[in-house]
Amino acid sequence: MKREMFQAPYPPYDPTDTSGFSYDTVVKRWPIILTNIIDHVHRLLHGMTLEAQQVRDLDLSRAEELSKKTKEGQEIISEISRLKYRMARDHELENIPQDGDILVAEYNAELDSLKQASCNTWFSAPWLYAECYLYRLIRAHFNQRTYWRGFDPFSTQKEGMFKKSGAAIYQIATTLHELESEKVKLQGDPDKLEVLFKEMIQMCLWGNATDLSLLTHLSPSDIEHLQTVGKEAQEARSEFILKDDQGAVWSYIKTLANQGKRLDFVLDNAGFELFTDFVFADFLVTYTPYFSQVVFHPKLFPWFVSDVTPADFTNTISSLLSSAFFPPNSTTSPDSVAHLQQMVTRWKNYIDKGIFTLATDISNGQKMTEFWNGPWPYWNMNELAPELGQWLNGSGLVIFKGDLNYRKLAGDVKWPVSTPFPTAIGPLAGSFPLLSLRTNKADVAVGIDEKVAEDLDNKGEKWRVSGKYALVSFLPGRIIQ
């Protein structure tokens, strides 16, 4: 008998509450993102027009191809401009057009349900659905064109942000290199490993501070500040972790020694954050006896500006191995450059041997990965994506990175802050060992002491959305009552 889908006892966040972050998203963030896409495509079209003029007498077929691509690009600009206009005026969300890509029927079926409930405009639809829908619609606008199908309108932005992360990346590479001489001692000393584990988990947690869809006005110095990975900064940041299950997850991980367990990473942002995910995975596989394989779960198409796609995953390794990728920096030593090369070469070898694997490269992985680009909370994973649920059930630990994954775990509904984390994630609780690493950039938050939340509210802290505070939430695979 088919199980009923889980429904939360609280309503979802939506932009009708003008004091919430969802309202600010529809009014400010999304229009900026759409404007950036328009500007980016316009710049590309300008370059194509110049190239067509230069090659017209030398390569007529190339000139004609550029002309057709330019015409299609102008159509895309027109459609995204229309989308921006409709969004600002709270028009109805339109069906995703059939573009030969995934999840069209699923998005449109959900939209039909929202229409029946009169919640199908930009300001009345549940925020989680509307934001996922936006990126699926952007995908369709590019997919419907011959010369732009599969285009990632955020790739240049992602690469540009990554290039600004060189100083922190070289610092981390040297730190990992210094661990190499202690490798044998570390593997037999859980106490030392615990200290390093907490350093790594905080680095991985705060690496999530680089989110391109949110940090649209930062200078390079601001970015470097967010990516500070020194020990002193991590100690100072510990007071900003409002739910801290680091000790609990470490106690669990220690039970996994020498069992050949698999770690699954549900990825969030590309660039520096993906780099820290690699570092954390490397630490757990190379320096501890607890995991022997890591599977990384990307998004199948461009998502929330900076989420990792399969192309981002591959490009990260090649970029890190390129001596010309990061701009020259007088504070970077030749030793750090060598340390980065050694570390990333090890990652490449792990990928070649299947120790590190992209989920899309495993059997049935493409189909499993579709779920992450859907509009649903994760509550009903076992019903909506049974193959994925079964795969994660066999994992030693599943790490969910970032704000969107947290919102989907908790359904993006208005839970009271004191709601236990297992309650908020519904039927998923107990399905598999689960660790959520999230810096707060949206309203939903659970598992927090009410007094702590109240004190922050009284101080005027925007602790739910500023990215200054974080949550480390862990559940073992089986909840013991």
Distance from [X] atom [atom1] to [Y] atom [atom2], nearest 0.5 Å?
X: Leu471; Y: Asp403; atom1: CG; atom2: CG; answer: 9.5 Å
X: Leu137; Y: His141; atom1: CG; atom2: NE2; answer: 4.0 Å
X: Ile32; Y: Ile37; atom1: CD1; atom2: CD1; answer: 12.5 Å
X: Ile96; Y: Leu103; atom1: CD1; atom2: CG; answer: 10.0 Å
X: Arg149; Y: Asp99; atom1: CZ; atom2: CG; answer: 6.0 Å
X: Trp372; Y: Leu404; atom1: CH2; atom2: CG; answer: 10.5 Å

Do [Y] and [X] meet the salt-bridge criterion of a basic N to acidic O distance under 4.0 Å?
X: Asp352; Y: Lys348; result: yes
X: Asp455; Y: Lys451; result: yes
X: Glu106; Y: Arg136; result: no
X: Lys367; Y: Glu387; result: no

Short side-chain donor-acceptor distance under 3.5 Å, [Y] and [X]:
X: Trp391; Y: Asp264; result: yes
X: Trp347; Y: Asp282; result: yes
X: Glu110; Y: Tyr133; result: no

Is the centre of the [X] ring less than 6.0 Å from the centre of the [Y] ring?
X: Phe291; Y: Phe283; value: no
X: Trp250; Y: Phe474; value: no
X: Tyr406; Y: Phe400; value: no
X: Phe371; Y: Tyr378; value: yes
X: Phe275; Y: Phe162; value: no

If we ignore hydrogens and angles and just use 3.5 Å, is the side chain of [X] paired with the main-chain N or O of [Y] as donor and acceptor?
X: Thr439; Y: Ala470; value: no
X: Trp379; Y: Leu409; value: yes
X: Ser431; Y: Leu428; value: yes
X: Asn380; Y: Phe6; value: yes
X: Thr314; Y: Ala311; value: no
X: Gln341; Y: Leu321; value: yes
X: Thr174; Y: Gln171; value: no
X: Ser318; Y: Asn315; value: yes
X: His42; Y: Ile38; value: no
X: Lys163; Y: Phe325; value: yes

Of all the heavy-atom pairs spanning [X] and [Y], show the shortest one and how long it is.
X: Val472; Y: Ile241; answer: CG2-CG2, 3.9 Å
X: Arg438; Y: Gly402; answer: CG-O, 3.6 Å
X: Pro302; Y: Phe154; answer: CB-CD1, 3.9 Å
X: Ala281; Y: Phe265; answer: CB-CE1, 4.1 Å
X: Thr25; Y: Arg29; answer: OG1-NH1, 2.9 Å
X: Leu267; Y: Asn405; answer: O-ND2, 3.5 Å

Would Phe313 and Phe278 satisfy ring pair (Phe, Tyr, Trp, His ring centres under 6.0 Å), going step by step from the backbone distance to the final call? CA-CA 10 Å; Phe313 185 89; Phe278 271 120; 5.2 Å; yes

Can you name the side chain to side chain contact (heavy atoms under 4.5 Å, CB included) partners of Lys84, sequence neighbours left out?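 Counting only residues at least two positions away or on another chain, Lys84 forms a side chain to side chain contact (heavy atoms under 4.5 Å, CB included) with Pro31, Leu34, Thr35.
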
Could you check whether any side-chain heavy atom of Pro153 comes within less than 4.5 Å of a side-chain heavy atom of Val41, counting everything from C-beta outward?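 No, too far: nothing below the 4.5 Å cut-off.
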
Classify the ring geometry between Trp127 and Phe21 as parallel (under 30°), tilted (30 to 60°) or perpendicular (over 60°).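 It falls in the perpendicular class, over 60°.
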
Count the heavy atoms of every other residue, nucleotide or ligand shown that sit under 6.0 Å from OH of Tyr23, and state whether that count exceeds 12.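 Open.
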
Is the CD atom of Gln259 crowded by more than 12 outside heavy atoms at less than 6.0 Å?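 Yes, CD of Gln259 has more than 12 neighbouring heavy atoms, counting only those of other groups under 6.0 Å.
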
